[in-house]
Amino acid sequence: MHSYRPTYHASIMSGWSNDPNGTIFYNGKAHLFFQHYPYKPEWGTMHWGHFVTDDFIKWEPMPVVLVPDQDYEVICGCCSGSTIEKDGVLWLMYTAAQPERQRQCMAISTDGGVHFVKNKDNPILTSGMLDLEVTETDCRDPRMFRKGDDYYFIAGARVLTKGELEAAREAAGQRTSGAQGISGSQGLVSSGKEVCSPSAECVAPASGSEMGVRSPSAGPVSSGVEEEKAGYGNLILARSKDLLHWEYVGHLLDEDTEGQIPLDPEHFRLNGVYECPDYIVLDGKEIILSSPQNLPQIGKAYQNVHSGIYMFGELSFESGRFRVDEIGEVDSGFDFYAAQTLRMPDGRVILIAWKEMWDRNYPTREEGWAGTYTLPREMSVVDGRLVQKPVREIEKYRRNKAGAASLTADNSSLSVDGVYGNTIEIQVTLEPGTAARSGVKLFRGSEHETLVYYDKEEGDIVFDRSRSGIPFTGQEEDVDRRVCHIGAMDSIDLHFFLDVSSIEVFIDGGHHVMTGNVYPDIDKDTGVEFFAEGGSCGFRDLIKYDILA
């Protein structure tokens, strides 16, 4: 049996991986750290794995950089965070998560990011050191950045409501909550003996889903007692002069923020946390990326239980408020979470995300591994819209060009000589014409196929994996169909990347993206067809390449 392992996407050789962490260009290479459990293909006590790359296509595995070997890391481990360079040294901030509290820790590397040592006074930061409105149980995934002479981080957190905060202050004998400094330490301690060994049972506790540190075996994040928790999911901002002494600035999302667009109340009543946030300035626009847990479907967006969103706006570095000017979904497919970015020396901002989803089955566990990452994407803002395109480095791996100048399908399916395979790139312009449905059949065989098509009446791109191969299970009502609304269009550019067990489709020049894993018969399901139903359609400028990495 052939493996479902991708050929040109980052993936681990064994064990489990999830959130990208600490993405940075440092010491001449792009670094991708990530959440990792080395011993089984399932979520366990978190370590930090590490890849480096010269071109975003070939990934070199590096030694594990964080091991949960301290008492404050037991149970859930060294959870998500970020890295930043200061005076040539790489600083790493991560969350040490335990069932009743989540605290922030620091480690540094002086050898290019290969080895890290932990601050001897870890955890350096608790929610109580920031402000009473930030809960102890949910404050995680700090993303550090620099502005002027100051360092900041944003993090996902549950923030008390005004009524809850007043009660907390009264109980604490406070009338106001000013920002508080935090004592850090330059002292460091090297990692010692591992708490987790290959024979250890490192799994989330029964209450693990309450923490948002999600073991697939511990049940969905929405299980447990989220309804009983204080506060709602939000984002917070903190400031420092030296990365060790922090003060609270405030929470980002507020219904009363002047000038922002009307938002659905669900954005302020999140039954979970805005996980794995990121802050970037891109083409003059301030952008917050995050992954909200349990955000209900709004219109045709957010069809997964857990989503990936972007917000354009303006961040106040005095109050911590973020005025939202636009909000949307980063990827409208099935398998995309915890997106993180890094800025390259040439100015490009590159995004990469976990190419999986929580609360689903993971067929690659049968091969001893689980966890892949998206094809990195170049981000830009065009006419006020977020645009994502595949990294240009992929072009040097193109081989065996094939295609056709034009095709017409009339209630039929057409194949093209040389256009087939399961590690390929396809570019085509679809002209829907009179067809009710028109698009492409991928990974096609005698029993299986995956459809990506345009529904003319609805104005939707539909990604249908209901007959793709190994069936999917999950928490959503529909784990097999996703839609991306693009409206009425006479011409649609579609750009596909297939890599053994996944499809990524960039729509309309990267204004929309849909990503999904599929598990077909690798030996037999390599066909590609172009089809129309309920009328005729055209395909032009069809180009296919094999991608040989």
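- Residues S291 and A338 come closest through the heavy atom pair OG-N, 2.9 Å.
- Of the N and O atoms on the side chains of H251 and E133, at least one donor lies less than 3.5 Å from an acceptor on the other residue.
- Using a 4.5 Å cut-off on side-chain heavy atoms (C-beta onward), R482 and N304 make contact.
- Residues K118 and E73 are paired through a salt bridge, judged by an N-O separation under 4.0 Å between the basic side chain and the carboxylate.
- Salt bridge R143/D141: absent, no basic N to carboxylate O contact under 4.0 Å.
- Here E164 does not pair with K229 in a salt bridge; the nearest charged N to carboxylate O distance is not below 4.0 Å.
- In summary, K241 and D149 do not engage in a salt bridge, as defined by a charged side-chain N under 4.0 Å from a carboxylate O.
- Salt bridge E326/R385: absent, no basic N to carboxylate O contact under 4.0 Å.
- Between W358 and W16, the ring planes are tilted. Angles from 30° to 60° get that label.
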Residues F51, F34; criterion ring-ring contact (aromatic ring centres under 6.0 Å, His included); working and verdict: CA-CA 8 Å; F51 287 119; F34 56 91; 5.0 Å; yes

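- Checked by atom type, the side-chain pair H9/D499 shows a donor-acceptor distance below 3.5 Å.
- Heavy-atom minimum distance, D242 versus Y151: N-CD1, 4.3 Å.
- Using a 4.0 Å cut-off between a side-chain N of Lys or Arg and a carboxylate O of Asp or Glu, E458 and K300 qualify as a salt bridge.
- Residues I503 and T515 are not in side-chain contact: their nearest non-hydrogen atoms beyond the backbone lie 4.5 Å or more apart.
- Between L237 and L252 there is a side-chain heavy-atom pair separated by less than 4.5 Å.
- In this structure the side chain of W48 never reaches within 4.5 angstrom of the side chain of V64, judged on heavy atoms.
- The main-chain N or O of N18 is never found under 3.5 Å from a side-chain atom of E356 such that the two would form a donor-acceptor pair.
- Side chains of S80 and D19: a donor-acceptor N/O pair is present below 3.5 angstrom, by distance only.
- S17 and Y373 are linked by a side-chain donor-acceptor pair at a separation below 3.5 angstrom, with hydrogens and angles left out of the test.
- Between F153 and F145, the closest side-chain pair of non-hydrogen atoms is not below 4.5 Å.
- When side chains are defined from C-beta on, M514 counts as touching I507, because their heavy atoms get closer than 4.5 Å.
- Looking at residues two or more places apart in sequence or on another chain, you find a salt bridge (charged side-chain N to carboxylate O under 4.0 Å, His left out) between R377 and D331, E504.
- Heavy-atom neighbours of D346 CG from other residues, nucleotides or ligands within 6.0 Å: above the threshold of 12.
- Residue Q102 comes nearest to C139 through the heavy atom pair OE1-N, 3.1 Å, listed as atom of the first residue, atom of the second, then distance.
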Take L253 and L270 through the test side chain to side chain contact (heavy atoms under 4.5 Å, CB included) and record every step on the way to the result. CA-CA 11 Å; L253 302 181; L270 188 68; over 6 Å; no

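- Distance alone, capped at 3.5 Å, places no donor-acceptor pair between the T95 side chain and the C79 backbone.
- Looking at heavy atoms from C-beta onward, L289 lies in side-chain contact with T341 at the 4.5 angstrom threshold.
- Nearest heavy atom pair, residue Y26 against residue H31, reads O-NE2, 2.9 Å.
- Listed by chain and number, the residues in a salt bridge (charged side-chain N to carboxylate O under 4.0 Å, His left out) with R392 are E378 (sequence neighbours excluded).
- R481 and Q303 share no side-chain donor-acceptor pair at under 3.5 Å.
- Remark: of the listed residues L235, T257, I288, D254, I288 is the sole one forming a side chain to side chain contact (heavy atoms under 4.5 Å, CB included) with F322.
- A cation-pi arrangement is present between R465 and F334 under the rule of less than 6.0 angstrom and at most 45 degrees off the ring axis.
- If you check the side chains of D325 and Q260, you find no donor sitting under 3.5 Å from an acceptor.
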For E42 and Y37, what are the C-alpha separation, side-chain angles and deciding distance, and is it a side-chain hydrogen bond (donor to acceptor under 3.5 Å, both in side chains)? CA-CA 7 Å; E42 61 189 43; Y37 186 58; over 6 Å; no

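- Y94 and Q104 are not linked by any side-chain donor-acceptor pair at a separation below 3.5 angstrom, with hydrogens and angles left out of the test.
- Taking 4.0 Å as the cut-off between side-chain N and carboxylate O, K285 and D283 do not count as a salt-bridged pair.
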